[in-house]
Amino acid sequence: MRLWKMEFSKIAARPVMNVGFLMLTGFFMLIIWQEAKGSRTEMDGIVYQGIEAVKKDRELAKEYEGIFTMEKAEDIVERFGFSGYVGENSVEFSRVREGNYCSQFVTDKMTDFMQTERKPSNFLEGEAWENYGRYFVSGSVQFGYAAGWRKLTEIWTMAVLSLNFWLVLMTAPVFSEEYSRNTTGILLSTQRGKSEDIRKKITAALGLGLMAYVLLTVLLAGSTVAAYGSDGLHASAQMACDSLWGDMWKNRSVSFFLLWMFLAGMVSVLLNTAVILLVSAKAKRPVTAVTTGLVLFLLPWGVNQFLFQIMMSMGIANSFAGWIFMDGIRIFCFSMPFYLTFSDIFSIPENWLVFLPIVALSVMALSIWRAQANYRNYQEG
């Protein structure tokens, strides 16, 4: 344990980087509070602002908690009407939504407001109602106040992406710094240096990533609860993220979705740390390790956004083999740290979701094994 603490201290003892982590976390906590303070709601002709608006929306949403029905939707519209933009029919038009949490939910999900951006006069009809609007009153949606959890998922990606960038800077010197200082030969001159010491370096780096991730999660979730309350954890997952469709998310709650987001983010952090350790064990200088680590972190995004589109334009997907090949590329990209931070990762085809943890954990294990082997076999020359 003493050796682990020593290795952990070597990695974590960077005051400037630690202050950077605290500033980073504080920035995202501030965003949550600013979003809450910017809330606006209307009830019975009275406009509420800030935390008071959040309180009023929570109280109103409690009246309609549970399975959402057409009767509840009609009652909301009868009480508050549909929701548009403030002053949309005047010169004072703004992008500020009128109405309240409940009326906005009915308007967004059960009318054509999202397409027209004009205050609707009625519910969806015909095919649009059958394919979309009717779902929310079909007995599958649990209604609840989930505005806070929606805000959290919106900033989650940027928060964990930022944490991963921070971890690249923190863990890249683990092995490469020893190479640059020419101390590796001394450390590897003992049997302990070739075995236990290497394992302690690796577990210390992974431990730092896990601790930082858990701390970030606790602080952001705590800020969300403080600003918005803990309401809505039992509500349907779609209340917190619009892209959650398919059988996997039917009858699933916001808490279930948040748990999966937490697990995906944790894998992202640990996998990113493992890949950086592999890079660090190969690079002779910390700056090379940092640069390579950042490139590898962003590479899946580049492959998915550009190379994949080029292959599509070349018609590779027109054959069965080409289609399988391209599916494999995207599955690999979505299994990497960059994409595992996105909440939309759960909206990909459900048969792909089986492969994501397999690929991610395999790459993690391979990276750790190769990092250990590369460092152990290092020869000064």
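The basis for the numbers below is simple: all heavy atoms, side chains too, and nothing from hydrogens, waters or symmetry mates. The first residue in the sequence is number 1, and the count goes up from there.
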- Message: Whether Arg150 and Asp242 form a salt bridge (side-chain N of Lys/Arg under 4.0 Å from carboxylate O of Asp/Glu) is what I want to check.
- Response: yes
- Message: Nearest 0.5 Å, please: how far is SG in Cys333 from CG in Leu299?
- Response: 7.5 Å
- Item | Close side-chain approach of Trp369 to Leu278, heavy-atom, < 4.5 Å | no
- Ignoring hydrogens and angles, state whether a donor on the side chain of Asp57 or Asn100 is under 3.5 Å from an acceptor on the partner side chain. no
- What distance do Trp33 atom CH2 and Ile31 atom CD1 have between them, rounded to the nearest 0.5 Å? 14.5 Å
- Pairwise distance CZ(Phe105) to NZ(Lys109) - rounded to 0.5 angstrom: 6.5 Å
- Task: Evaluate the side-chain proximity of Phe68 to Val106: yes if any heavy-atom separation is below 4.5 Å, no if none is.
- Result: yes
- State the CG-CE distance between Leu277 and Met364, to the nearest 0.5 angstrom. 11.0 Å
- Query: Once you round to the nearest 0.5 Å, how far does CZ of Phe123 lie from CD of Glu125?
  - Reply: 11.0 Å
- Aromatic ring proximity Phe165/Phe297, centre distance under 6.0 Å: yes
- Task: State whether Lys72 and Glu63 are salt-bridged, where the test is any N-O pair (Lys NZ or Arg NE/NH1/NH2 against Asp/Glu carboxylate O) under 4.0 Å.
- Result: no
- Pair Glu42 + Arg97: basic N to acidic O under 4.0 Å: no
- Going by atom types only, do Glu65 and Tyr145 share a side-chain donor-acceptor pair under 3.5 Å? no
- Item | Side-chain (Thr41) to main-chain (Ala53) donor-acceptor, under 3.5 angstrom | no
- Item | Test item: Gln104 side-chain N/O and Glu98 main-chain N/O as donor-acceptor pair under 3.5 Å | yes
- Item | Validation row: Trp249, Gln238 side chains within 4.5 angstrom (heavy atoms) | yes
- Query: How many angstroms lie between CD1 in Ile76 and CE in Met110, if you round to the nearest 0.5 Å?
  - Reply: 9.0 Å
